[in-house]
Amino acid sequence: MNAVLDLTTSLLATVSEQGRGVQSSAAGQQPVELLELYDMEGCPFCRVVREALTDLDLDAMIYPCPKGGVRFRPLVEKLGGTQQFPFLMDPNTDEALYESADIVEYLYATYGSKPAPARWLTRSARTLGSFGASTLRIGKGLRARDSLDIGEPLELYSFEASPFARPVRELLTELELPYILRQTGRTQALDWVLPPMRERLAPDYQPSQRNRVDLLQRTGRVAVPYLIDPNTGAELYESRRIVDYLMDTYAR
Ligand SMILES: N[C@@H](CCC(=O)N[C@@H](CS)C(=O)NCC(=O)O)C(=O)O
């Protein structure tokens with residue numbers, strides 16, 4: 001897919017989600033240990049769980065389980081009994097759950113500052129837009145490709161609806177590369193301004209969301225996505241550069 005078409009379908013996929021997965025508005029208690037989500041980027045049911053993670057400002061360890069994948073799929077079958085996705089493991093409570101709607105309700109009940117918004121509770125309406133988003137991305141983030149084994153998990157600063165972060169997460173899924181998802185959901189007006197414009201209009205921008213604060217301290221700027229690879233020491237902004245880096249480093 002060429003770059004313009006890729007960004008266009010990614011933007012349309014964001015629109016199809018009707019505003020979910022952009023803001024962190026229901027953050028409550030943070031878990032001590034990272035939640036573990038076994039998922040596929042292109043799966044509509046997995047998407048609604050990741051949208052809830054952004055709304056709740058929860059980081060998570062993502063174990064990609066694309067179709068034909070061999071790294072984590074067998075583990076899910078061993079842990080839960082079947083290969084169905086999403087599958088959530090919460091090491092803080094020892095809860096293990098299938099079913100996206102049950103997972104979303106569990107997350108709000110356990111870690112939310114308020115109940116799930118009403119529009120989240122209509123199960124079928126919630127997944128309808130998500131099916132649209134998956135359709136627009138035409139099979140991306142669903143099937144495994146041959147990749148090199150990885151040592152340490154990667155770290156990705158991202159929020160679910162970011163049209164720039166989506167192609168990176170799709171490739172991480174296809175390459176079966178586990179990563180710590182660092183939420184960077186929007187919590188204030190200036191978070192909505194695109195980074196190059198914000199750097200000119202508001203050079204003193206001070207984010208309030210914890211991972212945005214962390215990014216600013218670490219790199220001197222805030223943009224999404226941002227990838228850290230502890231295996232090589234690489235740290236990168238810019239989705240196209242990250243995609244090229246992942247292909248060069250891990251695709252076989
Ligand atoms: N009702 C379930 C449906 C989950 C589901 O059907 N997930 C598909 C992926 S989109 C799946 O696990 N397919 C089996 C597979 O990929 O092996 C939910 O909401 O979580």
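Counting convention: from 1, in listed order, for ligands and their atoms alike. Please read all numbers here as calculations on a predicted model, not as lab measurements.
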Salt-bridge test for E160 and R20: reply yes if a basic N is under 4.0 Å from a carboxylate O, no otherwise. no
Are T187 and R212 close enough that a side-chain donor and a side-chain acceptor fall under 3.5 Å? no
Using heavy atoms and a cut-off under 4.0 Å, could you grab the residues that are in contact with ligand 1, chain by chain, numbers ascending? M40, C43, F45, K67, R73, Q83, Q84, F85, P86, E99, S100
Check this for me: does any side-chain nitrogen of one of R137 and D6 sit under 4.0 Å from a carboxylate oxygen of the other? yes
Side chains of T93 and Y106: any donor to acceptor distance under 3.5 Å? yes
Strictly by modelled atom types, are Q209 and S24 linked by a side-chain donor-acceptor pair under 3.5 Å? no
Sorted by chain and number, sequence neighbours left out, ring pair (Phe, Tyr, Trp, His ring centres under 6.0 Å) with Y38 holds for Y63, F87
